[in-house]
Amino acid sequence: MALAALAVTTGFTSCSEDDLDTNQYNKSGVNILGFGPMPITRGETMRVTGTRLNSVKEVLFPEGNQKLSPSTTYIAGEFSLQNSEEMTVTIPDQCVPGKLRLVLNNGDTIVSKSNITFAEEIKVTSLSPTSVHPGDVVTIKGEYVWNIGEVIFFDHVAVDAESFVKNTRSEIQVRVPAEAKTGELTYNDGSDGAENFTIGNLNVDAPKATAISNATPDFGERVTITGENLDLVTTIDFPAVKEVAFTATADGKSIAVAVPSNTVSGTVTLTAASGLTTSVDITMPLATVTATAPTKDVKEGQTVTIKGTNLDRITQLILPAIKEPLEKGSFTQSATEISFVVPEKMGDGTVILVQHENYSIESDKISMYSEDPVETLWSGNMDIDWNVGGCLQTMAYGAFDWSTVEAGTKLYITYEKKTPGDSNWGCLSLRHGIEWGALPGNFGWQYDFPDDGGVYTVTLTQDVLDDLIANGGLIITGFNFVITKVARSIPENVIWKGSLDIDWNVGGCLQTMAYGAYDWSTVKAGTKLCLTYEKKTPGDSNWGCLSLRHGIEWGALPGNLGWQYDFPSDEGLYEVQLTQDAIDDFIANGGLIITGFNFILKKVVMK
C-alpha cells in the first residue's frame with residue numbers, strides 16, 4: 001500500500017518540549033511522518049508512521065452526524081501499535097474528510113497537515129436554495145456527499161468538511177461564509193491539490209446603498225445611509241479617512257455613522273467581507289479662496305486679506321518662508337474673510353490655509369516689497385543635510401530653464417542654521433545636477449555660515465550658466481541648515497525714481513516720458529509699465545486713483561488703457577502691458593502722461 005506523505009503538523013496545541021517536536025528528522029519528539037493509503041474506504045485499516053508513537057493514547061477522526069453544534073465532534077478509531085515508529089488504525093464508519101488527530105498520554109494533541117480522504121465516488125444531485133444571504137445554510141444532496149472534503153464558494157472562499165453544519169452520506173449542509181459572493185459553487189475531496197467539480201451557481205446577497213439622509217452634512221453630523229443588505233458591511237471609508245465606526249440595523253436597511261471631522265468631499269465607500277463595495281457621495285463645507293489683497297510689494301507689518309467661503313473653519317495659516325504656522329486666534333477670521341499682519345522675514349509665495357489635516361487651500365501668490373527687484377524661484381522650509389542626501393533640486397533635472405537667465409544675475413539663498421551657535425558648524429554648497437559635480441572654478445563649492453541665519457548672494461557668470469545648462473541644473477546642498485527661499489535678481493529698466501505728488505486738480509503729473517523726452521519707438525509691444533505708488537492721504541475712506549494719458553490734451557489711450565485705476569490699498573504696484581496700439585499712440589500724440597489724485601509716485605519701470 002502507498003503511504004500519503006505528510007509534512008509534520010503545524011496545528012497542534014499545548015505542546016510539551018519533551019513530548020512534541022515539529023522537526024520530522026528529530027527522533028526525540030512525537031511526529032506524524034505519513035499515513036495511508038489515501039483515499040481510503042471506511043472500515044479499512046491504514047498505516048501511520050512517525051516517531052515516539054508509543055506516547056499516543058487515542059486516535060481521533062472527524063465524525064459525520066446530523067448536526068455539528070456547537071463545534072466539530074470526533075470519533076475514536078481502534079489502533080494497534082507496531083512499534084514507536086508505526087501503528088495501524090481502523091477507519092470508523094462515521095468518519096468524514098478532515099484532519100487526523102493523535103492524543104498523547106499527557107493530554108496534548110498533534111494535528112495532521114493533510115486530510116483523510118475517501119475513495120467512494122461522490123455524486124451530487126441537488127443544491128438548495130440557490131439564492132442566499134451570508135450566514136444562511138445551503139443543502140447539498142446526493143450519494144457519498146459526506147466524502148466531500150471542501151466546498152468552495154466563488155473566488156476561492158473555502159469551507160472544509162469539519163466546519164459543515166450537517167454531514168451525512170446523502171446530505172451535507174454548509175453555512176454561507178461572510179466572504180461569499182455570487183458565482184459558481186464547487187467541491188473537492190479534500191486531498192492535496194484536489195480537482196474541483198461544479199455543484200451549480202449560487203446567488204449571494206451583496207450590500208447596496210441607495211441614499212444618504214444628508215448629502216451635504218457638517219463635520220461630526222450623524223447621517224443615515226439606507227439601502228439593502230447593509231448588515232453585510234464590515235468597513236466604511238470616508239474620503240481621506242479609513243474604517244469609520246458605524247451601526248447597522250439587523251434588517252440591513254440602514255447604517256448610522258458620524259461624519260469624521262477630517263474628511264473631504266467625495267465618495268463614502270462601504271465594503272463587505274466579500275470585498276464587494278457600494279457607495280454614496282457627500283459634499284462637505286470646505287473652505288475656498290476667491291481673492292487675496294494686496295499681492296504685490298507687500299511689506300512687513302502690512303495687513304493681507306484673503307476672501308472666500310467657509311473661512312471661519314480655517315485652523316492654521318502657513319506663511320511662505322515662516323517656519324511656525326499662525327494658529328487659529330492669531331489672525332482675524334469670519335466665514336468670508338481672513339486677515340493677518342505680515343511678519344518679519346515672510347517670503348514670496350502663497351499662503352496655505354489649513355482647514356484640517358486632510359484639506360488645505362492656497363491664496364494668490366504674494367510678492368514681498370524689495371528695493372532690488374527679485375523673482376522668487378522657491379520658498380518653503382527644507383532641512384538640508386548632505387550626509388543623508390538632503391538637497392534642494394527644484395532648479396535641477398529640467399525643472400528650471402537656465403537658458404533664460406542672463407550672466408550677471410544674482411542668486412539669493414536665504415538660510416537658517418538648524419543647530420545655531422558659533423560652535424555648531426554649518427555650510428552651503430552649490431553643485432550641478434549630474435553626480436553633484438563642482439561648478440566651474442569651484443563656484444559656490446563651500447560657504448561656511450558666519451552667523452545663524454542670513455542670505456547667501458552670488459553672481460552667476462556665463463561659464464556657470466553654461467555648466468548648469470549642460471549638466472542637469474543646480475543642486476543646493478550642505479550641512480546643518482534650513483533653506484527658506486531662493487530668489488534671483490530681475491534686470492529692470494528704471495525710467496524714473498523719486499517722490500512726486502500727483503493731483504490732477506492742480507495739474508500734477510509726471511511727464512518725463514512725454515513731449516519728446518522719451519523715445520517710444522524703442523519700446524516693444526508686450527512691455528510692462530510698472531508704477532510704484534503710495535496714497536498721500538491713506539485709509540479706505542480716502543479715495544485715490546492713477547490715470548494714464550497721452551501728451552496732447554491729456555487724451556485717452558486706445559481702448560481707455562489705464563484710464564483710471566482706483567487704488568485698492570494705501571501703497572502698491574500698478575502694472576499694465578503695453579499694446580502696439582498704445583505705443584503707436586504715444587509716438588503720434590506726445591508720449592505718456594501719468595496723472596491722478598491723492599498719491600505720490602515713487603518709481604516708473606519698463607520691463
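Computation of the quantities below employed the complete heavy-atom set of this structure, encompassing side-chain atoms and omitting hydrogens, waters and symmetry-equivalent molecules. Being a predicted model, the structure only gives us computed values, none of them experimental.
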*Please round to the nearest 0.5 Å and tell me the distance separating atom CD1 of I306 and atom CG of D364.*
8.5 Å
*What's the spacing between F481 CZ and I476 CD1 if we round to 0.5 Å?*
7.5 Å
*Taking atom CD of E406 as the centre, report whether more than 12 heavy atoms of other residues, nucleotides or ligands fall under 6.0 Å from it.*
no
*Is it the case that more than 12 heavy atoms not belonging to Q446 sit under 6.0 Å from its CD atom?*
yes
*Salt-bridge test for E571 and K602: reply yes if a basic N is under 4.0 Å from a carboxylate O, no otherwise.*
no
*For the atom pair CZ (F238) and OG1 (T269), what is the distance rounded to the nearest 0.5 Å?*
10.0 Å
*Considering all heavy atoms of both residues, which atom of T263 and which atom of P239 are nearest to each other, and what is their separation?*
OG1-O, 2.8 Å
*asked:* Counting neighbours of NZ on K410 that are heavy atoms of other residues, nucleotides or ligands and sit closer than 6.0 Å, is the number greater than 12?
replied: no
*If you draw a 6.0 Å radius around NZ in K528, do more than 12 non-hydrogen atoms from other residues or ligands fall strictly inside?*
no
*asked:* Using side chain to side chain contact (heavy atoms under 4.5 Å, CB included), reason through N387 and F479 one step at a time and then give a plain yes or no.
replied: CA-CA 8 Å; N387 292 322; F479 179 73; 3.5 Å; yes
*asked:* To check you understand the geometry: which heavy-atom pair defines the closest contact between I366 and V304, and what is its length?
replied: CD1-CG1, 4.0 Å
*Distance in Å, E575 CD paired with T532 OG1, rounded so as to fall on 0.5 Å steps*: 9.0 Å
*L411 and its side-chain contact (heavy atoms from CB on, under 4.5 Å) partner, picked from V486, V405, V374, T457*: V486
*asked:* Is the distance from the ring center of W445 to that of F443 below 6.0 Å?
replied: no
*Are D281 and T283 linked by a side-chain donor-acceptor pair shorter than 3.5 Å?*
no
*Of the non-hydrogen atoms in L230 and A248, which two are nearest, and what is the gap between them?*
O-CB, 4.0 Å
_Can you confirm if the aromatic rings of F599 and F567 lie within a centre distance of less than 6.0 Å?_
yes
*Let me see the working for N598 and W504 under side chain to side chain contact (heavy atoms under 4.5 Å, CB included), right down to the final yes or no.*
CA-CA 9 Å; N598 186 27; W504 53 20; over 6 Å; no
*Residue pair N262 / H356, side-chain donor-acceptor N/O under 3.5 Å*: no
*Which heavy atom in P134 sits nearest to a heavy atom in A178, and how many Å separate them?*
CB-CA, 3.9 Å
*Ion pair D540/K535, N-O distance below 4.0 Å*: no
_Under a 3.5 Å threshold, yes or no: a donor from one side chain and an acceptor from the other, between S403 and D401?_
yes
*Do D448 and W425 have side-chain N/O donor and acceptor atoms under 3.5 Å apart?*
yes
*Closest heavy-atom contact between A180 and S274?*
O-CB, 3.5 Å
*asked:* Quick one about Q580 and K524 (side-chain donor to acceptor, distance below 3.5 Å, no hydrogens or angles considered), yes or no?
replied: no
_Between Y415 and Y456, is the ring centroid distance below 6.0 Å?_
no
_If I take atom OG1 from residue T595 and atom CD1 from residue I502, how far apart are they, to the nearest 0.5 angstrom?_
6.0 Å
*asked:* Please report the interatomic distance SG(C427) to CD1(I384), rounded to the nearest 0.5 Å.
replied: 11.0 Å
*Go through the side-chain N and O atoms of D570 and Y533 and say whether any donor and acceptor fall under 3.5 Å apart.*
no
*Minimum heavy-atom separation for W436 to G389, with atom names?*
CH2-O, 4.0 Å
*Side chains of T305 and S339: is there a donor and an acceptor less than 3.5 Å apart?*
yes
